Number of protein chains: 2
Amino acid sequence: MTPASEPYRDSSGRALTDYPRPSVAVDTAVLTVTEGGIAVVLVESEGDAALPGTFLHESEALADAVLRSLREKAGIEGLAPRQLHVFDRPGRDSRGWVLSVAHRVVVPERMLRLDDAHARVTPLAEALARPLAYDHDEIIRRAAESLRTDYRDSPDPERLMAEPFTLRELQQVHEAVAGARLPRDAFRRAMEPRLRATGELTSGTRGKPARLFRMPKASQR
Amino acid sequence: MTPASEPYRDSSGRALTDYPRPSVAVDTAVLTVTEGGIAVVLVESEGDAALPGTFLHESEALADAVLRSLREKAGIEGLAPRQLHVFDRPGRDSRGWVLSVAHRVVVPERMLRLDDAHARVTPLAEALARPLAYDHDEIIRRAAESLRTDYRDSPDPERLMAEPFTLRELQQVHEAVAGARLPRDAFRRAMEPRLRATGELTSGTRGKPARLFRMPKASQR
DNA sequence: TTCTTTTAGCGCAGAAGCGCGGTAAAGGAG
DNA sequence: CTCCTTTACCGCGCTTCTGCGCTAAAAGAA
């Protein structure tokens, strides 16, 4: 990296900062899975509801800006943001030339401690039915679709479940994500080989006790 | 949009441009498919080879910046850029704080007219074996992977082939993209229902004449 | 002309996947 | 204590998919 004492100059003697640059924001769809399906955290601001977001600070990585905005606006910690898409339509932000890099994070419902009163967990359908700021409905749609894709053929890739769990519990989470009932046998056959059986059984429940599973050690493939 | 005469001010009275902003570049993997497989356009600059790219101009859409850079650097016209990923690692560009939005475009080999002497079509493996500027090897890997995904279960989604074509020709293109032989019968069964038979046959070739196909009218689903 | 070579296209048997129903195993109701 | 309800889990037939090999059809060689 060029030291600050010798800034870069192009062939016309100008530094990069002599050219027009956009403001860059990050906006994040914080998803969780409730009994009723996918839900998303919305922040109630002056106008329409919005996703938590912030402007990128100097020399900050996008993922760090996402984590900072979640910490400040929703008291959420320790996540792995996934980049979705850059929204760049000229005029999308009335304040000026702003690019927004959309992200997705997924949090277990029990880990969501919204200490900020105007941040609320909103079911997906309800969130999309409301008027939302900027392109935030499109971001939510992409985030939900990417979550559904991830859950299509891998057991709980976002580690939403507390261990150990039964196959039925796993299926209920997958059905909440998919927003549809899943065929029981096909689900079992696809998932069981990718789990690690603990050898223990549930007790105190109605019906035949179920076997308990954990995620396999390293990559759950 | 707020008129220019009344620029936006935040609660501390500052405009967006009073805060530090990154330079935003676009870098594009221009892919084509040759007999030998996927190939990518590399620009030979002073140092390592690089992908064609440019800085985003004021209020310009990312896709427009991609098209402008390809027109200027490689004489390529009329494409649909697809956004891949934003590269944001601090220090990735020695000239300063630069975000790069990686894109992919796909061009039929016969449409590539590189009027610029230092832009060259390079086979994928060769390109990845060379030292490349910035994160350009990662961009090429992502671009090739997305192309392979697209060709996995849809006939020639990038319309690389001249019509009409035979199933064998289609399979050869798909094998070049996949970098592997594909099973003949499974390929036929997957693709034929998604094509429109012209009713015509090849002639002047050795062996039994093949039926000729075109893409279906609207979406090739 | 006749045989050989090349490639398209189809029939068929084996494999794999799917869902239905049956059985086992526990708690709760009466 | 007995029966009923609930849920787990497995066997079995059915459908779908896969790949092999056969046949057809045309060009080129002899």
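Note on naming: letters A, B, ... go to the chains in the order of the sequence lines (proteins, then strands), and numbering restarts at 1 for each one. Since we're looking at a predicted model, the values are computed, not measured.
Using a 4.0 Å heavy-atom distance criterion, T205(B) is classed as a sugar-phosphate-only contact.
Aromatic ring orientation, H85(B) versus F87(B): perpendicular (interplanar angle above 60°, classes split at 30° and 60°).
As a whole-Å value, the separation of D153(B) CG from dC17(D) P is 14 Å. In this structure, L195(A) atom CG and dC9(D) atom P are separated by 12 Å, rounded to whole Å. Taking atom CD of E200(B) as the reference point, atom C1' of dA8(C) lies 17 Å away to the nearest angstrom. Protein atom CZ of R189(B) is 14 Å distant from nucleotide atom C1' of dA8(C), rounded to whole Å. dA8(D) atom C1' lies 9 Å from atom CG of L167(A), rounded to whole Å. D185(A) places its CG atom 14 Å from the C1' atom of dT23(C), with the value rounded to the nearest Å. In this structure, CZ of F187(A) is placed 16 Å from C1' of dC18(C), rounded to the nearest angstrom. K208(A) places its NZ atom 18 Å from the P atom of dG28(C), with the value rounded to the nearest Å.
For the atom pair CE of M111(A) and CD of E77(A), the computed distance is 12.5 Å after rounding to the nearest 0.5 Å.
Here R188(B) reaches the OP1 or OP2 of dG9(C): one of its side-chain N or O atoms lies under 4.0 Å away. Within the 4.0 Å cut-off from OP1 or OP2 of dA8(D), at least one side-chain nitrogen or oxygen of R168(A) is found. Contact annotation: R211(B) does not reach the phosphate of dA8(C) (side-chain N/O to OP1 or OP2, under 4.0 Å).
Electrostatic pairing of D137(A) and R142(A) does not count as a salt bridge here, judged by no charged N lying under 4.0 Å from a carboxylate O. Under a 4.0 Å N-O distance rule, the pair R211(A)/E200(A) does not qualify as a salt bridge. R89(A) has a carboxylate O that lies under 4.0 Å from a charged side-chain N of D135(A), or vice versa, which qualifies the two as a salt bridge.
Taking the nucleotide of DNA chain D with the nearest heavy atom to each of R206(A) and F213(A), the more 5' of the two is matched to R206(A). Checking P209(A) against A186(A), the closest nucleotide of DNA chain C that is more toward the 5' end is the one next to A186(A).
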